[in-house]
Amino acid sequence: MIPPSEIDPTDPWLREAQTFPDLLPEMMRRVAAYGEEEGFAEDTLLFERGQRSIDFFLLIAGEIEIFATSARSGRSTLYTYRPGQFSGELNLFNSRQVLLSGLAKAGTRVFRVKNADFRNMISGEPDIGEIVMRAFILRRVGFIRHSQGGVLLVGHRHGADFMRLQRFMTRNGYPLEIVDVDIDDGASGLLQRFALGAADLPVVIAPDGSTLRNPSNAALADRLGLMEAPEEGVVYDVAVVGAGPSGLAAAVSAASEGLRTIVVESLAPGGQAGTSSKIENYLGFPTGISGQGLAGRAHIQAQKFGARLAVSRSAVSLDCSDHPLRLELDEGLALRARAVVVATGARYRKLDLPDYDKYEGQGIQYAATQMEAQVCSGEDVVVVGGGNSAGQAAMFLSRTARHVHMLVRNDLSATMSDYLVQRILSSPRITVHTRTAITALHGDDDLRAVTWTNHATGEEARVDVGSIFVMIGAEPNTEWLRGCLDLDRKGFVRTGADGADKPLASPYATTLPGIFAVGDVRSGSVKRVASAVGEGSVVVQAIHAFLHPEPV
């Protein structure tokens, strides 16, 4: 049994009936129809950390011990399943490496459902599928919250590469334990034990003791088993490039309708929306939802229907001269697809300032999540931008920062929703500086201060800050498409009536058959999460029409 933590009703370990539910006898009989009964006379390892595509086990009699290993604390038992309970967590819905190991004790009997039959069980028995899905989500949340089943990340917590690695694992829902060498009393002993020095930091230490010294995101994804490479020799029905709201919506719709679907994503599910601390105007969430929370649910939903996610890889080019289309990825990977959905979205623009590149990730940020809020706790911070993303960031950061300064070119009401404007103007911890822009950055290795200038009065001010959050509009991620698709003067993809001399069959069709564009990357799109989800959901109708044209 997992030791109780501090009293917190949101802690999955304190919600045992949902996190580790017991199936009714009638449900167990239905599960049995999808698998086979097995018994174990001796202690038997059913699955081991690092394996992929493991089976699902429903316990009939005996015990299954679920344990984790850590390079710091060794082996620990997380839970012991009893009859009526089942094994597994979210990695049963994909081919990523599993985080934990499971040991059937002598005398144990189980129903084993092969991995290939697991998804059939989930879709064929929706009431059981709902119980299993909820349990799997809660278990992963528990692993993340309690840093179980993951890796150690060791280094200086404010370092740019340390934050990059932490952000990559966090946004991909991978559990990790932070070891800050500046404050952790056991850090020096840990470094000595693994023969690591200051030059090796940041370093990722796996449970087996292997180390990755400041790895790239791609190298880290490969080592942690997060990468689901395209299957060799497979021609996908749909390749979705980008896992923001529009791309995930397209993947859910395509996969749920039986199309063989793969999603290519350079960082993590969610796109730019995934960095939002809270989205409050999205239908169905009256209290709001974080961008990462929304993306996480959509990602699980896409996996439930069989979509494959190739994370940590970027699209390099698209060969649109032949069908099936050939999509080139970095790290030498490639895939073929009969249809391609371009959903690479847009990225925040950068400020044109001396030393800007020097402080990116080391003071200059583009996301305001819990991770960034912890870094700037108790400090003054600057938010640059006047849109909803900037407004939500300012409100979120004001909970932990000493004070938030918002710098905007005009008035807030020109570009921000009224409910956010009113909150910001009434907050004693936020000051809005209109017609003001940063004109200089100051610091050594880290950002220490900024100078801003009011362009209406010419007045300058220098303020000590350690973090700037830049949210000033968007540039399209379309470099990989140049020479293939028709782009507008700003680099966004032309579609529909805007993409040809005469209107195309779909508002999301490009000038090349079989290639579609949705979300922020599309010329003329409305830059809102709800709009992106809608476009991604309905583009599948046009894909079906392309893949299965009606006879003339």
**Q.** CD on E265 to CG on L248, rounded to 0.5 Å
**A.** 8.0 Å
**Q.** H156 versus D182, side-chain donor and acceptor atoms under 3.5 Å
**A.** yes
(Q) We want to know whether K278 and S276 form a side-chain donor-acceptor pair, criterion being a heavy-atom distance below 3.5 angstrom. (A) no
Q: Quick one: pull up CZ in R402 and CG in L397 and give me the separation to the nearest 0.5 Å.
A: 14.0 Å
Q | Pairs satisfying side-chain hydrogen bond (donor to acceptor under 3.5 Å, both in side chains), at least one member in residues 286-302, at least two apart | A | H299-Q303
Q) Under the 3.5 angstrom rule, does the side chain of T108 hit a backbone N or O of K105 as a donor-acceptor pair? A) yes
**Q.** Derivation and outcome, side chain to side chain contact (heavy atoms under 4.5 Å, CB included), residues M371 and Q365
**A.** CA-CA 11 Å; M371 188 185 89; Q365 311 291 348; over 6 Å; no
Q: Find the distance between OG (S312) and CG (D222) and round it off to the nearest 0.5 Å.
A: 5.5 Å
Q. Is there a donor-acceptor pair closer than 3.5 Å between any side-chain N or O of D330 and the backbone N or O of S314?
A. yes
Q: Using atom types as modelled and distance alone, determine if a side-chain donor or acceptor of E228 lies under 3.5 Å from a backbone N or O of R308.
A: no
Q.
Can you confirm if the NZ or CZ of R75 lies within 45° of the ring axis of F67 and under 6.0 Å from the centre of its six-membered ring?
A. yes
Q. Going from NZ on K304 to CG on L90, what distance comes out if it is rounded to the nearest 0.5 angstrom?
A. 12.5 Å
Q: Kindly write out the residues that satisfy ring pair (Phe, Tyr, Trp, His ring centres under 6.0 Å) with F56, not counting sequence neighbours, or none if the list is empty.
A: F86, F118
Q. Under 3.5 Å, side chain of N214 to main-chain N/O of L201, donor-acceptor pair present?
A. no
(Q) How long is the straight-line distance from CG of L78 back to CD of E65, given to the nearest 0.5 Å? (A) 9.0 Å
Q: For residues 169-179, pull every pair meeting side-chain hydrogen bond (donor to acceptor under 3.5 Å, both in side chains), keeping only residues two or more places apart or in separate chains.
A: R49-Y174, R72-E177
Q | Rounded distance [0.5 Å steps], CE in M28 versus CD1 in I128 | A | 10.5 Å
